[in-house]
Student: 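A single structure is presented below for examination.
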Amino acid sequence: MKIYSNEKIDNVREIKLFGFPIFSVEKNRGTKLQSFLGGIITAYKTFREDYVTKDIKFLGISTYRYIREANDVKCFLFNHKYKEKSLSKAFCKKYKKLLSNHDDVFILHANIGESVIFLRLARAYFKKMGSKKPLIIGLQKYHRDLVKMLLPEVDVEIIEHVKISMYSDGFSEEGHNVRLIFPKSHYDKVEADLRDKNAPVKHFVDQILLKLGLNKSDFSDEEVHIDESVKASLLKKVQKIGLNIDKFIFISPEANTCEAYDRTFWYNIKQEYEKQGIDVYCNTRAYNPDFKGFKHCDLNLCEAYYLASRAQKIIGLRSGILDLLALSGKPIVALYAKTRKRDAFDMLTLDEMYEGFKFKNFKNVEEVVNKEVCKAI
């Protein structure tokens, strides 16, 4: 007899003990239902745009209910409201000391690619908004590296878990203008327009320009700033793995959004270049067994950029890091693929990915939409 089982059927996952369901979770677009001990306790969550509810029931009786609409929160116990608060006011109160010396605050809710585009436009955007002493709050640790490289004169702080609405453009509270770069609704629009054959704007950079009210001429042309300490740190790391820093290529085989290429593809590239006496560095975020045998070390974004800027060529799956590496001027081969299967999002086709994320005005970038190109690379 099977004592314990963990079953998953499409969007339903169920855990059983001696055949009795002790936990199940069912996820659909816009809803999540968790059931404990065969339904004795249930937790039901709904979310759409800027409205979220959570309802916990015991034997079918509502015991706790949470409602968030934009930045306003209400909490109930047995249908009695016991708490009501503003997330925007709570944010300004919690980070009062951090915000005190800045007129405008920009929360960077963006992956690497969108972050790079915004930071290259930030000087023009701050001028447009009349920001004299802006503060950038990054939600990812790598946001600090990006600001240091692309906008070193601006203060940056990292707060990984900010409790405010991720759908609204921002708010004004207690003398502070807080703007979200970019709200979730922006990303929803980018994907929807890529599927809409009649949408006037397709490309993600054009969507950002439209959102910020800027033009292509507003991009900063300043060089990427790399501290000498970063260069020294990087050289020590690659010396330990024996990378030939004077003759190597830089490959970047990972992407959050795109489907991965099989490892044989990357091994073939490795073999072809090594036959020519050219070393190969593999840029992965952590140890990945698929790339055992490749030279790799843990690098932050500043170090990865500097290393790529020393390479003879960069080959990578289309991802946000290529938007950064393209600024190095080194020859780049960008490989496209359709999107992975993701919760709450439909897949984008290969053609849609290329239409929405192809490089513009970068003469150093060669784009490939057919992975059977190992000889050409």
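Keep in mind that what you see is a predicted model, and the values were worked out from it rather than measured.
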Student: Heavy atoms, side chains only, cut-off 4.5 Å: are Leu146 and Leu108 in contact?
Tutor: no
Student: Could you tell me whether Glu153 atom CD has more than 12 heavy atoms of other residues or ligands within 6.0 Å of it?
Tutor: yes
Student: Relative to each other, are the rings of His109 and Tyr187 parallel, tilted or perpendicular (30° and 60° limits)?
Tutor: perpendicular
Student: Could you pull out the closest heavy-atom pair between Cys75 and Tyr64, with the gap in Å?
Tutor: SG-OH, 3.9 Å
Student: Would you please indicate if the ring centroids of Tyr336 and Phe357 are separated by under 6.0 Å?
Tutor: no
Student: Calculate, to the nearest 0.5 Å, the distance between atoms CD and OH belonging to Glu367 and Tyr354 respectively.
Tutor: 4.5 Å
Student: Measuring only between side-chain heavy atoms, which start at C-beta, is Tyr142 closer than 4.5 Å to Ile112?
Tutor: yes
Student: Specify the closest pair of heavy atoms between Ala326 and Val365, including all atoms of both residues, with the distance to one decimal.
Tutor: CB-CG2, 4.2 Å
Student: With a 6.0 Å cut-off (strictly less than), is the heavy-atom count around NZ of Lys94, excluding the residue itself, greater than 12?
Tutor: no
Student: Got more than 12 heavy atoms from elsewhere within 6.0 Å of NZ, Lys74?
Tutor: no
Student: Taking side chain as C-beta onward, heavy atoms only, is Lys211 less than 4.5 Å from Pro183?
Tutor: yes
Student: For residues 229-238, which side-chain N or O atoms pair as donor and acceptor with protein atoms under 3.5 Å away, sequence neighbours left out?
Tutor:
from, atom 1, to, atom 2, distance (Å)
Lys231, NZ, Glu228, OE2, 3.3
Ser233, OG, Glu303, OE2, 2.6
Lys237, NZ, Asp298, O, 3.0
Lys237, NZ, Glu303, OE1, 2.9
Lys237, NZ, Glu303, OE2, 3.3

Student: Is a side-chain donor or acceptor of Ser165 paired with a backbone partner of Asn71 at a separation under 3.5 angstrom?
Tutor: no
Student: What orientation do Phe23 and Phe36 show, parallel under 30°, tilted 30 to 60°, or perpendicular over 60°?
Tutor: tilted
Student: Look at the side chain of Lys202 and the backbone N and O of Asp196, then say whether any donor-acceptor pair between them is shorter than 3.5 Å.
Tutor: yes
Student: Could you check whether atom NZ of Lys240 has more than 12 heavy atoms from other residues, nucleotides or ligands sitting under 6.0 Å from it?
Tutor: no
Student: What is the distance from atom CZ of Phe106 to atom CG of Leu151, rounded to the nearest 0.5 Å?
Tutor: 10.5 Å
Student: Any side-chain to backbone donor/acceptor pair from Lys128 onto Leu212? Under 3.5 Å, distance only.
Tutor: yes
Student: Using a 6.0 Å cut-off, check whether atom CZ of Arg144 has over 12 heavy atoms from anything other than its own residue.
Tutor: yes
Student: Tell me whether the NZ or CZ atom of Arg310 lies within the 45° cone about the ring axis of Phe250 and under 6.0 Å from its centre.
Tutor: no
Student: Can you see which heavy atom on Tyr261 is nearest to which on Ala337, and at what distance?
Tutor: CE1-CB, 3.9 Å
Student: What distance do Leu209 atom CG and Asp218 atom CG have between them, rounded to the nearest 0.5 Å?
Tutor: 8.0 Å
Student: Charged N to carboxylate O under 4.0 angstrom, Asp50 versus Arg68?
Tutor: yes
